[in-house]
Amino acid sequence: MTAEAPAVGIIMGSPSDWPTMRHTADTLDKLGIAWEARITSAHRTPERLHAYATEAKSRGLKIIIAGAGLAAALPGAAAALTPLPVLGVPMEGKLMGGLDALLAIVQMPPGIPVGALAVGRPGAVNAALLAAAVLALSDPELSDRLDAYRAEQSAAVPENPEDT
């Protein structure tokens, strides 16, 4: 995490979600985007979630990334409380491998959007990259860093299978 005020809030319903959501934080770090992380369960700490989501914009956050499993209510509950974009990352689960969480995040009623990403680590990384792309629209330096990140990613892919 950088020393500047965070632009991205990473929230999760349980400490057990951090090993996945840490990939979001690591990707934001690579791009030089300040973030903060909090545990704000929609079911076990609703007052904490309410305070976090309703105060997020006034504190300077631009985007919230919410990791959730099981009922996966956190992204939708946060989106209902803030005008900021909310990106939902479904956690891998024991019940259906995370499909249950994915479906819960995707099935939002009209008027309360949540951007749903892939289950687990891929979704956590892509949530950070999507947040970066949104922030880069008004930040030319971040846009350059994001372009460089993508170029490095492309350069790391060998052209021939023998090169691996």
Side-chain angles (χ1 to χ4, degrees), residues 1-13 17-40 42 49 51-69 72 74-92 98 101-102 104-108 110-161 163-164:
M1 185 165 33
T2 64
E4 64 187 81
V8 177
I10 302 170
I11 59 175
M12 63 213 80
D17 298 334
W18 182 238
T20 297
M21 298 309 291
R22 178 175 217 86
H23 296 290
T24 300
D26 291 345
T27 304
L28 292 170
D29 281 342
K30 288 176 188 171
L31 293 167
I33 299 171
W35 56 271
E36 66 181 24
R38 301 286 187 277
I39 298 169
T40 58
L49 171 60
Y52 186 86
T54 58
E55 297 168 5
K57 184 176 180 181
S58 66
R59 292 190 312 103
L61 291 178
K62 306 286 187 232
I63 297 174
I64 295 174
I65 300 174
L74 183 61
L81 295 167
T82 183
L84 296 177
V86 176
L87 306 177
V89 179
M91 296 295 105
E92 291 183 46
L102 174 63
I105 292 171
V106 168
Q107 293 299 326
M108 291 300 298
I112 307 296
V114 171
L117 283 294
V119 175
R121 180 185 176 278
V125 170
N126 284 340
L129 293 172
L130 184 55
V134 171
L135 294 171
L137 292 172
S138 60
D139 183 338
E141 291 177 6
L142 174 56
S143 181
D144 291 344
R145 292 193 306 271
L146 185 57
D147 288 346
Y149 178 94
R150 288 178 174 221
E152 288 174 22
Q153 180 176 269
S154 295
V157 178
E159 187 171 336
N160 298 303
D163 296 338
T164 60

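Below, all heavy atoms of this structure are taken into account, side chains as well, without hydrogens, waters or symmetry copies. None of the values given here were measured: they were computed from a predicted structure.
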Those residues that, when tested against Arg121, pass side chain to side chain donor-acceptor pair (under 3.5 Å) (two or more places apart):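 None.
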
For [X] versus [Y], what's the shortest heavy-atom pair and its separation?
X: Ala116; Y: Ile105; value: CB-CG2, 3.7 Å
X: Leu87; Y: Ala127; value: CD1-O, 3.5 Å
X: Ala68; Y: Ala101; value: O-CB, 3.7 Å
X: Pro83; Y: Lys57; value: CG-CD, 3.8 Å
X: Val8; Y: Leu135; value: CG2-CD1, 3.9 Å
X: Trp35; Y: Pro6; value: C-CB, 3.6 Å

Rounded to the nearest 0.5 Å, what separation is found between the [atom1] atom of [X] and the [atom2] atom of [Y]?
X: Glu55; Y: Leu81; atom1: CD; atom2: CG; answer: 11.0 Å
X: Thr82; Y: Ile64; atom1: OG1; atom2: CD1; answer: 4.5 Å
X: Asn126; Y: Ile65; atom1: CG; atom2: CD1; answer: 10.5 Å

The criterion is side chain to side chain contact (heavy atoms under 4.5 Å, CB included); which residues satisfy it with [X], sequence neighbours excluded?
X: Ala104; value: Ala72
X: Ile112; value: Ala79, Ala80, Met108
X: Thr20; value: Met91, Ala124

Residue pair Val89 / Met12, side-chain heavy-atom distance below 4.5 Å: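 In short, these two side chains do not touch, never coming nearer than 4.5 Å.
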
Option passing side-chain contact (heavy atoms from CB on, under 4.5 Å) with Ile11 (candidates Ile39, Asp17, Leu49):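 When side-chain contact (heavy atoms from CB on, under 4.5 Å) is applied between Ile11 and each of Ile39, Asp17, Leu49, only Leu49 qualifies.
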
Passing option when Leu129 is tested against Thr24, Leu28, Val134, Thr27 for side-chain contact (heavy atoms from CB on, under 4.5 Å):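 Checked Thr24, Leu28, Val134, Thr27 against Leu129; only one passes side-chain contact (heavy atoms from CB on, under 4.5 Å): Thr27.
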
When the side chains of residues 141-160 are checked against the rest of the protein, which donor-acceptor pairs come out under 3.5 Å, sequence neighbours left out?
| residue | atom | partner | partner atom | Å |
| --- | --- | --- | --- | --- |
| Arg145 | NE | Leu31 | O | 2.6 |
| Arg145 | NH2 | Leu31 | O | 3.2 |
| Ser154 | OG | Arg150 | O | 3.2 |

